[in-house]
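Structure record follows, encoded as structure tokens.
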Amino acid sequence: MAKLVGKVALVTGGNRGIGKGIALGLGLEGAALVLVARGAEELEKTRAELVARCFQVLPLVADITQEAQVREVFAKTVERFGRLDILVNNAGAFDGGPIDELTLETWDKVMAVNLRGPFLCTREAFRLMKKQGGGRIINIGSISAQRVRPGSAPYSVSKHGIWGLTQVTALEGRDFGITCSCLHPGNTLVERRQHSGKNEDDEPMMTVEELAQTAVLMATLPPHVNMLEAIVLPAGQMYVGRG
């Protein structure tokens, strides 16, 4: 039996890649879906795919780094569904380079998407969930939050920050029935990595669907149980001892 019937899940960056895969998994468990992304064309394509599978889908074009737009997203979610049970902070940006060559523009862009956006969404979700008596927030981190690579300063620092935000949210939420989890993916075969030509994209990969299984598990645990952190990666990927 589907475990999320009657629940509403909002997924940022839900129009492709990991976000789309998680949305599909949550929808298969019966959740109504709110998909948030900047790319309107891709968002509409994903909406059509999911609606064809009889899912309830509300697509919202928005930039999660903008406070007013985030507030509007959550207002429209409540207007359509009356509640929010699950927030998946998935939208992210990757950029970097040697520290001595990094521009402030690059640093600020990555920090805005990877940290400011999740904070803004978490704040709005927390307010809703606190009123309704609980909910779940799932943050998509990265193995870069624990094992960094050269040239990844903005991304790695932002993912360390996501793990910190997860812990604070879990701590502040526990008296209100709000759990917060962090899922750290390893190499995942998203669209941008399929034909990139980069050496790192020739490493062992897992599918989006395989990763999404853990996000769905986090979302379907009993309300009094939280999987605070999970690292999911291909068994053959360099991780332990990587540097």
Side-chain angles (χ1 to χ4, degrees), residues 11-14 16-22 37-38 63-66 87-123 137-171 180-194 196-208 210-212 214-215 218 227-243:
V11 183
T12 67
R16 61 181 178 177
I18 290 173
K20 180 180 177 181
I22 292 174
R38 288 185 297 179
D63 181 347
I64 62 163
T65 70
Q66 301 302 308
L87 165 65
V88 182
N89 282 315
N90 164 75
F94 180 85
D95 205 346
I99 288 178
D100 58 338
E101 298 176 13
L102 274 176
T103 65
L104 182 60
E105 179 183 15
T106 295
W107 179 272
D108 286 347
K109 178 188 71 176
V110 175
M111 290 296 165
V113 177
N114 291 1
L115 274 180
R116 185 199 302 165
F119 158 68
L120 291 173
C121 291
T122 294
R123 186 178 65 179
I137 298 171
I138 300 172
N139 294 324
I140 304 304
S142 169
I143 59 172
S144 292
Q146 299 184 9
R147 301 286 193 275
V148 301
R149 283 178 168 171
S152 67
Y155 183 77
S156 294
V157 170
S158 70
K159 293 304 182 179
H160 276 75
I162 280 291
W163 173 226
L165 178 63
T166 298
Q167 295 175 79
V168 174
T169 305
L171 180 62
C180 189
S181 310
C182 194
L183 173 57
H184 298 298
N187 286 342
T188 309
L189 195 60
V190 296
E191 294 90 339
R192 68 176 176 81
R193 305 190 74 167
Q194 291 178 7
S196 70
K198 295 181 180 178
N199 290 336
E200 64 190 56
D201 292 337
D202 291 330
E203 296 176 1
M205 294 277 174
M206 61 185 166
T207 67
V208 169
E210 289 164 345
L211 173 65
T214 302
M218 288 176 163
M227 185 187 297
L228 181 63
E229 183 182 26
I231 299 168
V232 181
L233 72 167
Q237 181 179 355
M238 294 297 293
Y239 174 69
V240 177
R242 138 178 161 172

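The first residue in the sequence is number 1, and the count goes up from there. Quick caveat: nothing in here was measured; it's all calculated off a predicted structure. Keep in mind that the numbers below use all heavy atoms, side chains included, and drop hydrogens, waters and symmetry copies.
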Is any side-chain heavy atom of Asn187 less than 4.5 Å from a side-chain heavy atom of Leu233?
no

Sub-4.5 Å side-chain heavy-atom contact between Pro154 and Asp95
no

Got a donor-acceptor contact below 3.5 angstrom from the Ser152 side chain to the Tyr155 backbone?
no

Check whether any side-chain N or O of Gln237 sits under 3.5 Å from a backbone N or O of Gly186 as a donor-acceptor pair, and report yes or no.
no

If we only count heavy atoms from C-beta on, is the Leu120 to Ile64 side-chain gap below 4.5 Å?
no

Ser181 side chain to Met227 backbone, donor-acceptor under 3.5 Å:
yes

Taking every heavy atom of Gly21 against every heavy atom of Ala212, the minimum-distance pair comes out as O-CB, 3.6 Å

Kindly indicate whether the side chain of Leu211, heavy atoms from C-beta on, has any atom under 4.5 Å from the side chain of Leu183.
yes

pair Val208-Leu189: side-chain heavy atoms closer than 4.5 Å:
no

Distance-minimising heavy-atom pair for Gly19 and Val11:
O-CG1, 3.6 Å

dist Arg147:CZ -> Ser156:OG (nearest 0.5 Å) comes out at 12.5 Å

Within-4.5 Å side-chain heavy-atom neighbours: His160 and Val148:
yes

Side-chain donor/acceptor of Asn139 to backbone N/O of Gly141, under 3.5 Å
no

Strictly distance-based, threshold 3.5 Å: is any side-chain N or O of Asn90 a donor or acceptor partner for the main-chain N or O of Gly13?
yes

So which atom in Gly96 and which in Thr106 form the shortest heavy-atom distance, rounded to 0.1 Å?
N-CG2, 4.2 Å

Please check this pair: side chain of Lys159 against backbone of Ile140, looking for a donor-acceptor N/O pair closer than 3.5 Å.
yes

So, for Cys180 and Leu228, which heavy atoms are closest and what is the spacing to 0.1 Å?
O-CD1, 3.6 Å

Rounded to the nearest 0.5 Å, how far apart are OG1 of Thr122 and CG of Asn89?
4.0 Å

Is a side-chain N or O of His184 found less than 3.5 angstrom from the main chain of Ala230, in a donor-acceptor match?
no

I need the Leu171 CG to Thr166 OG1 distance, nearest 0.5 Å.
12.5 Å

Backbone N/O of Asp63 and side chain of Arg38: donor-acceptor pair under 3.5 Å
no

Locate the shortest heavy-atom distance separating Ile138 from Ala215; write the atom from each residue and the value.
CD1-O, 3.6 Å

List the atom of Ala93, the atom of Val110, and the distance in Å for their closest heavy-atom pair.
O-CG1, 3.7 Å

Rounded to the nearest 0.5 Å, what separation is found between the CD1 atom of Ile143 and the CD1 atom of Ile231?
8.5 Å

Using 0.5 Å steps for rounding, measure from the CE atom of Met218 to the CD atom of Glu229.
8.0 Å

Can you check whether Thr65 reaches Phe119 side chain to side chain, under 4.5 Å on heavy atoms?
no

CD1 (Ile99) with more than 12 external heavy atoms under 6.0 Å:
no

